[in-house]
Amino acid sequence: MMNTVQLEKAKHDRKRFDCGITALNNYLKVMASQQAKKDNTRTFVLEDEQCPEHIIGFYTLTMTPINIHDLPPKLQKKHHSVTSGGLIARLAVDHRYKGKGFREWLLIDALRKLLTASETVAFPVVIVDAKDGAEYFYEKYGFTTFKDADNKLFITIADIRASIVEYGN
């Protein structure tokens with residue numbers, strides 16, 4: 001059974017990880033542990049079951065300010081006093097594990113964690129900054145692009161909740 005755990009500097013081989021995108025590799029290698037220590041972000045990794053120090057993929061979660069006027073009018077009206085949302089800041093899979101469904105699995109795991117968080121500290125949307133043309137990937141899972149930013153997308157917590165109930169996940 002696959003499970004994500006928080007990144008552990010001493011346990012996980014961050015130097016081995018290579019998703020092919022320098023900025024994502026560098027974040028995992030240099031910044032992820034520092035940001036977690038400062039309580040700015042949490043980075044979760046999917047370990048290789050055969051070799052747990054090897055990272056199959058990772059994602060980083062945090063909160064982000066939102067401009068309510070960037071949302072569609074229907075959501076602006078419903079959430080007029082909202083100032084923040086959940087953020088999937090980064091999501092990547094090591095090139096050695098690509099094409100095996102891990103990116104989708106990591107996205108669903110991240111959405112589940114954010115849904116759980118929203119039950120304790122309410123926020124209505126999850127935002128993602130799609131790197132290097134990944135918008136299509138997120139759109140397949142119900143994300144909508146912000147009207148003025150092609151690489152910034154969102155999905156409502158209500159839609160995440162409905163999807164999880166619909167698929168029994």
Side-chain angles (χ1 to χ4, degrees), residues 1-64 84-121 123 125-143 145 150-155 157 159-161 163-169:
M1 168 122 180
M2 294 192 296
N3 191 28
T4 54
V5 296
Q6 282 195 42
L7 175 67
E8 293 179 42
K9 192 174 177 180
K11 177 182 180 183
H12 297 113
D13 186 355
R14 296 167 297 145
K15 290 184 172 126
R16 179 183 183 272
F17 184 86
D18 181 9
C19 68
I21 300 171
T22 303
L24 292 172
N25 292 337
N26 288 343
Y27 180 83
L28 182 66
K29 292 171 187 173
V30 179
M31 298 296 298
S33 294
Q34 293 172 17
Q35 291 298 307
K37 198 177 288 184
K38 295 175 184 177
D39 291 321
N40 291 333
T41 65
R42 295 289 178 246
T43 296
F44 295 89
V45 299
L46 180 59
E47 301 172 338
D48 184 318
E49 291 177 352
Q50 306 303 315
C51 195
E53 66 270 15
H54 292 177
I55 299 169
I56 292 173
F58 77 95
Y59 59 83
T60 300
L61 303 178
T62 190
M63 297 298 293
T64 188
S84 60
L87 176 68
I88 301 173
R90 288 157 191 86
L91 189 151
V93 173
D94 186 286
H95 69 87
R96 289 167 277 237
Y97 300 93
K98 287 200 174 167
K100 298 179 180 174
F102 290 120
R103 185 164 70 156
E104 292 83 356
W105 191 93
L106 287 165
L107 174 61
I108 292 165
D109 193 65
L111 292 173
R112 282 187 177 136
K113 279 187 175 52
L114 288 166
L115 177 61
T116 299
S118 78
E119 300 297 333
T120 303
V121 180
F123 53 91
V125 296
V126 171
I127 296 163
V128 66
D129 288 320
K131 310 279 193 279
D132 294 323
E135 298 88 13
Y136 176 72
F137 168 74
Y138 292 102
E139 288 171 345
K140 282 192 319 190
Y141 293 94
F143 283 79
T145 56
D150 290 341
N151 66 333
K152 193 172 181 181
L153 300 93
F154 72 92
I155 188 170
I157 289 291
D159 286 343
I160 295 168
R161 189 178 294 116
S163 294
I164 288 175
V165 168
E166 177 182 338
Y167 295 109
N169 295 332

[X] to [Y] - nearest heavy-atom pair and separation:
X: Ser84; Y: Met63; result: OG-CE, 4.0 Å
X: Tyr97; Y: Asp48; result: OH-OD2, 2.6 Å
X: Arg14; Y: Lys9; result: NH2-CG, 3.4 Å
X: Glu47; Y: Val5; result: OE2-CG2, 3.4 Å
X: Ser33; Y: Leu7; result: OG-CD2, 3.8 Å
X: Leu114; Y: Gly86; result: CD2-CA, 4.2 Å

With side chains defined as the heavy atoms from C-beta onward, is the minimum distance between Leu115 and Arg161 less than 4.5 Å? yes

Spacing of [X] atom [atom1] and [Y] atom [atom2] [to the nearest 0.5 Å]:
X: Gln6; Y: Arg42; atom1: CD; atom2: CZ; answer: 5.5 Å
X: Cys51; Y: Asp13; atom1: SG; atom2: CG; answer: 8.5 Å
X: Ile160; Y: Leu111; atom1: CD1; atom2: CG; answer: 4.5 Å
X: Tyr138; Y: Ile155; atom1: OH; atom2: CD1; answer: 12.0 Å
X: Thr43; Y: Arg90; atom1: OG1; atom2: CZ; answer: 7.5 Å
X: Leu61; Y: Ile88; atom1: CG; atom2: CD1; answer: 6.5 Å

Applying side chain to side chain contact (heavy atoms under 4.5 Å, CB included) to Thr145 and not counting sequence neighbours gives Glu139, Leu153

Check for a donor-acceptor pair, side chain of [X] on one end and backbone N or O of [Y] on the other, with a separation under 3.5 Å.
X: Asp94; Y: Gly57; value: no
X: Asn25; Y: Cys19; value: yes
X: Thr62; Y: Leu87; value: no

If you count the non-hydrogen atoms of other residues, nucleotides and ligands that lie under 6.0 Å from NZ in Lys140, is the total more than 12? yes

Show your working on side-chain contact (heavy atoms from CB on, under 4.5 Å) between Ile157 and Val126 and close with a plain yes or no. CA-CA 7 Å; Ile157 289 291; Val126 171; 3.8 Å; yes

Aromatic ring pairing Tyr27/Phe58, orientation class (parallel under 30°, perpendicular over 60°, tilted between): parallel

Expected list for residues 101-109: side-chain donor-acceptor pairs under 3.5 angstrom, two or more places apart:
| unit_1 | atom_1 | unit_2 | atom_2 | d |
| --- | --- | --- | --- | --- |
| Asp109 | OD2 | Thr4 | OG1 | 2.6 |
| Asp109 | OD2 | Tyr59 | OH | 2.5 |
| Asp109 | OD2 | Lys113 | NZ | 3.1 |

